[in-house]
Amino acid sequence: MSFDEATDFARELFVQTVAEPYRTKVVEHLRLPSRAERAKILQEAHYSPVYLSAGDVYIDFATDSGGAAMSSDQWAALMRGDESYFCSKNFPPLQAAIREIMGLQHVVPTHQGRAAENIVMDLFVKPGDVVLSNTHFDTTKAHVETRGASAVDLMSDSLWDFREAHPFKGNFDLSKLQAALARHHDRVRMIVITVLNNFAASSPVSLANIRAVRSIADEYQVPVFIDACRIAENAFFIKEREEGYANKSISEIVREILSFGRACWMSAKKDAIVNIGGFLATNDDDLAMRFRERAVLYEGFYTYGGLARRDLEAMAIGLREGVDESYLRHRTGLVRYLGEQMEAAGVVVSKPIGGSGVFADIGSIYPHLESERNPGIALFCDLYLEGGIRAAGVPFPVRTVSPRDGSFVDKLFNFTRFAVPRRVYSKSHMDYAVGMLARVKDNAPAQKGYRLVSAPEVLGHFFAKFVPYG
Ligand code: F0G
C-alpha cells in the first residue's frame with residue numbers, strides 16, 4: 001500500500017482506524033479454557049509463564065519474537081527451498097536483500113540471534129573484559145557474563161520514570177558512556193548499540209545519539225557493533241520523530257544506522273518477520289572470514305547457518321516486507337493503541353509507547369507488593385486466570401555506571417512487557433486484553449504475591465518456579 005500525498009484522506013483514515021494493510025488467508029483457532037481449568041493449568045505450570053502450554057493461551061503477549069504470521073509470498077518461497085549443504089540457491093537472494101536494504105556486503109546466516117551473539121562474543125570477549133551497551137538483551141548479557149566479562153548498560157535514568165516521555169528513551173546516556181570509558185577503557189572490548197532498545201521499554205535510539213556514540217568510541221578506539229533485530233521499527237520512529245529524516249525511506253535510515261557499526265547481528269525473528277533465523281553482516285572482509293569460520297564450527301556451513309535453506313528465502317522476503325512503511329505504520333499504531341487503552345484503564349505505561357510492545361509499570365497495579373513478592377508473576381497469574389492471557393513480568397537487573405566516576409551501580413527495572421507479535425492479533429484482541437487488565441487492576445489489592453521456589457543462576461527467569469503466598 002502506498003499513499004501519494006500527505007493529505008490523502010485514505011491515509012488519514014488508515015492511520016486513525018489502525019486498519020490492517022493485509023487480510024487474513026489462513027486462521028489458527030484459539031482456545032480459552034474454562035476458569036476452573038485455567039486455575040489448574042496455572043498451578044501445574046508452577047505459576048510461571050515459561051511452563052504454560054501455548055495451546056492453553058488465548059492471547060500471547062510473552063514475546064514478539066518468532067511468532068509472526070508470514071505472508072503468502074513467504075510461504076510460497078519456502079517451496080523454493082534448495083536443501084543443498086554447500087552454496088544453496090537460497091543464499092544469494094538473502095545476500096541480495098541484505099546488501100540492498102542494509103548496505104552490508106558479507107552475510108553469515110545463523111539459526112537465530114543469540115547464535116550470532118555467541119560468534120561475536122567468542123571472537124572478542126575474554127575474562128575480565130567489559131562490554132558497554134545502551135541495554136543488553138538478556139541472552140547478549142549472558143553471552144558476555146558466562147565468558148567472565150561484565151555487561152554494562154548505559155541507558156538514561158529516565159528509564160525508571162515510566163511517565164517521562166523522551167522520544168528516544170532507548171539512547172545511550174552519553175555522560176555515562178564517557179565516564180565508563182574514562183574509567184574502564186583498557187578493559188572495554190566493544191560497544192553494542194541495540195536498536196530499538198528492547199529492554200529499555202522498547203524505545204528507539206536516535207541517529208544523533210548513534211553518531212555521538214561512534215565518535216566517542218573512536219576516541220578510545222573501541223569497535224561498535226549493532227544489535228539490529230528491530231532496526232526497521234527504530235528507523236520508522238526516526239523518520240517520525242527526528243529532524244531531517246521525514247523524507248528518507250526506511251532502508252536509507254537503516255543503512256545510515258548500520259554505517260556506524262563494524263558489523264551487526266540480527267535476530268530475524270523480529271523485523272525480518274520469520275519464525276526462525278538470524279545473521280551476521282559486515283563490510284569488513286577479515287571479520288567476515290572470522291564469522292564464517294566460527295559459523296562452520298557452531299552452526300553449519302556458512303551459507304545456511306543452522307537453518308533449513310528454505311528459511312533463508314522466507315527471511316529475504318520478510319526483510320523487504322519489514323521495511324514497508326504501511327506495515328510499520330500499522331504495527332506501531334496497534335502497539336500504541338494497546339498502550340493508550342491501558343493508560344485509559346489506569347495502568348502506567350512507559351512513554352512514549354515503544355515498538356515491540358507496551359511496557360507497564362507493575363507498581364501502578366500492585367503498589368502494595370514488594371519485589372520479593374514478585375508482582376510481575378502476580379500480574380501474569382491474574383491475567384491468565386481471569387482471561388487466558390500470557391504477559392511476562394521480568395525483574396530485569398541492570399548494571400550501569402555513575403556518570404560522575406564510572407563506578408558500577410546495580411539497579412532493578414521491574415516491568416511487564418505486553419509484546420505484540422507481528423501481523424497476528426487484531427484491535428479487538430487488544431480491547432479484550434485491556435478489558436481484562438482493568439478487571440485485574442480492580443481486584444489487585446487482594447493479591448498477596450508469589451514466592452520464588454527455584455531458579456538457576458544463568459538466565460534464571462527461563463526456569464523459575466513459584467508458589468502463591470497464602
Ligand atoms: N537481541 C535482542 C535485542 C533481542 O530482543 C533478542 C531476542 C535477541 C538479541 C536474541 O535473539 O531470540 O533470535 O536468539 N529477543 C526475544 C524477546 C526473545 O522476547 O525479546 P534470538
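All residue numbers refer to positions in the sequence shown, counting from 1. In listed order, ligands and their atoms are each counted from 1.
Looking at ligand 1, you won't find any N or O of Phe199 less than 3.5 Å from one of its N or O atoms.
Close approach to Thr194 involves these atoms of ligand 1, each under 4.0 Å from a residue heavy atom: 3 (C). The ligand atoms of ligand 1 that sit less than 4.0 angstrom from a heavy atom of Lys269 are 13 (O). Less than 4.0 angstrom separates some heavy atom of Ser267 from each of these atoms of ligand 1: 11 (O), 13 (O), 21 (P). Taking a cut-off of under 4.0 Å to the non-hydrogen atoms of Glu117, the atoms of ligand 1 that pass are 1 (N), 8 (C), 9 (C), 10 (C). For ligand 1, the atoms sitting less than 4.0 Å from at least one non-hydrogen atom of Thr139 are 10 (C), numbered in the order shown with element in parentheses.
One N or O on the side chain of Asp324 and one on the backbone of Tyr327 form a donor-acceptor pair closer than 3.5 Å.
For Arg241, the CZ atom sits in a packed shell: over 12 heavy atoms of surrounding residues, nucleotides or ligands are nearer than 6.0 Å.
Looking only at heavy atoms of the protein, atom 4 (C) of ligand 1 is closest to Phe137 CG, 3.3 Å. Annotation: atom 21 (P) of ligand 1 to nearest protein heavy atom, Gln112 NE2, 3.3 Å. Nearest protein neighbour of atom 7 (C) of ligand 1, counting heavy atoms only, is Lys270 NZ, 2.6 Å. In this structure, the protein non-hydrogen atom closest to atom 3 (C) of ligand 1 is Asp227 OD2, 3.4 Å.
Heavy-atom separations between Gly278 and ligand 1 are all 4.0 Å or longer.
The heavy atom nearest to atom 14 (O) of ligand 1, considering only His111, Arg114, Arg417, is found in Arg114.
Side-chain contact of Arg230 with Asn197: a donor-acceptor pair under 3.5 Å is absent, judged by distance alone. Side-chain atoms of Asn283 and His106 form no donor-acceptor pair, as typed in the model, at a separation below 3.5 Å.
Scanning both residues, Val254 and Ala235, for their nearest heavy atoms gives CG2-CB, 3.9 Å. Ile273 approaches Gln74 most closely through the heavy-atom pair O-NE2, 3.1 Å.
Because its NZ or CZ atom is not both nearer than 6.0 Å to the ring centre of Phe124 and within 45° of the ring axis, Arg189 does not count as a cation-pi partner of that residue.
In this structure, Arg31 pairs ionically with Asp56, as a charged nitrogen and a carboxylate oxygen lie closer than 4.0 Å.
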